[in-house]
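Data first, discussion second: the structure below is written as C-alpha cells.
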Amino acid sequence: MERWTECLGFPPRTVVTFRDETGAESLMRKSLFQQECLKRGVLFSGGHNICYSHHPKDIDDTLRVYREVMEILAEAIRSGSVEGQLDGPPVEPVFRRA
C-alpha cells in the first residue's frame, strides 16, 4: 500500500502532508481533504495544535470526520477524480521560492 498522506511532527504540534504518485506534495489532494472537512464542520489547514481545552468529544468528532473524508479522498485517488471533485480552485503554496 502506498502512502498518500502522513502526519509529521511531535505532539501537540503535527502537520498532515498529502503526496502524489511521485512522492511530491499534492495541494490538489490537500484541497479536497480540506474542502470535505469544512463541509462536515472541521476547519482543517494542515496543522494540529492539540491542547487541554479540547474535550475528548472534540477530538472524537474530528477523528470521525477525518476517517470519513479519508475514504472520500481514497476513492477520488483510485478513480482519478480528485480535481473534478473540488468546488473551487486548489489551495496554493504559502511560501514560494523566488
Side-chain angles (χ1 to χ4, degrees):
M1 176 178 233
E2 304 214 23
R3 279 193 190 172
W4 306 112
T5 185
E6 192 171 15
C7 191
L8 305 170
F10 296 102
R13 175 72 171 114
T14 57
V15 175
V16 178
T17 61
F18 296 86
R19 302 188 187 289
D20 64 17
E21 294 78 12
T22 69
E25 179 183 25
S26 176
L27 294 178
M28 199 72 64
R29 292 175 179 181
K30 178 181 180 180
S31 297
L32 181 58
F33 187 83
Q34 189 171 21
Q35 168 188 289
E36 295 303 316
C37 282
L38 186 57
K39 286 180 179 180
R40 289 157 180 80
V42 173
L43 181 59
F44 173 84
S45 64
H48 298 107
N49 292 298
I50 299 171
C51 66
Y52 286 115
S53 68
H54 289 107
H55 297 284
K57 184 180 181 324
D58 299 327
I59 295 169
D60 290 343
D61 288 346
T62 300
L63 291 174
R64 178 186 48 75
V65 167
Y66 281 10
R67 278 189 294 275
E68 186 177 328
V69 173
M70 283 292 181
E71 289 295 327
I72 292 168
L73 179 59
E75 180 54 35
I77 291 169
R78 282 191 292 271
S79 66
S81 65
V82 173
E83 186 173 5
Q85 291 190 37
L86 292 178
D87 293 337
V91 295
E92 294 186 17
V94 175
F95 300 105
R96 294 188 177 101
R97 291 182 185 194

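- Atom-to-atom distance recorded for Glu21:CD and Ile77:CD1 is 7.5 Å, nearest 0.5 angstrom.
- Partners of Leu27 according to the side chain to side chain contact (heavy atoms under 4.5 Å, CB included) rule, which considers only residues two or more places apart in sequence or in another chain, are Glu25, Lys30, Val91, Pro93.
- Taking CH2 from Trp4 and CG from Leu73, the interatomic distance works out to 10.0 Å, rounded to the nearest 0.5 Å.
- Considering Pro90, Ser26, Pro89 in turn, Pro90 is the only one that fulfils the side chain to side chain contact (heavy atoms under 4.5 Å, CB included) rule with Ser31.
- Residues Met70 and Met28 fall within the same hydrophobic cluster, defined by Ile, Leu, Val, Met, Phe, Trp and Tyr side chains chained together at heavy-atom separations under 4.5 Å.
- Shown here are the side chain to side chain donor-acceptor pair (under 3.5 Å) partners of Asp58, two or more places apart in sequence or in another chain: there are none.
- Partners of Asp60 under the side chain to side chain contact (heavy atoms under 4.5 Å, CB included) rule, at least two apart in sequence or in another chain, do not exist in this structure.
- Between Arg29 and Glu6, none of the side-chain N atoms (NZ, or NE/NH1/NH2) sits under 4.0 Å from a carboxylate O, so this pair counts as no salt bridge.
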* Asked: Do Thr62 and His54 pass the side chain to side chain contact (heavy atoms under 4.5 Å, CB included) test, and can you show the C-alpha distance, the side-chain angles, and the key distance before you say yes or no?
  -> CA-CA 11 Å; Thr62 300; His54 289 107; over 6 Å; no
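- Ion pairing of Arg67 with Glu71 is absent here, as no side-chain N (NZ or NE/NH1/NH2) approaches a carboxylate O to less than 4.0 Å.
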Which pairs of donor and acceptor atoms, one on a side chain in residues 44-52, lie under 3.5 Å apart (sequence neighbours left out)?
unit_1	atom_1	unit_2	atom_2	d
His48	ND1	Thr14	OG1	3.1
His48	NE2	Tyr66	OH	2.8

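- Annotation: Glu83, atom CD; neighbour count of heavy atoms from other residues, nucleotides and ligands within 6.0 Å does not exceed 12.
- Legend: residues meeting side chain to side chain contact (heavy atoms under 4.5 Å, CB included) with Glu75, ordered by chain and number and at least two apart, are Arg78, Ser79.
- With sequence neighbours left out, the side chain to side chain contact (heavy atoms under 4.5 Å, CB included) criterion links Gln85 to Leu32, Ile72, Ala76, Ser81.
- Nearest heavy-atom pair across Val16 and Thr5 is CG1-OG1, 3.3 Å.
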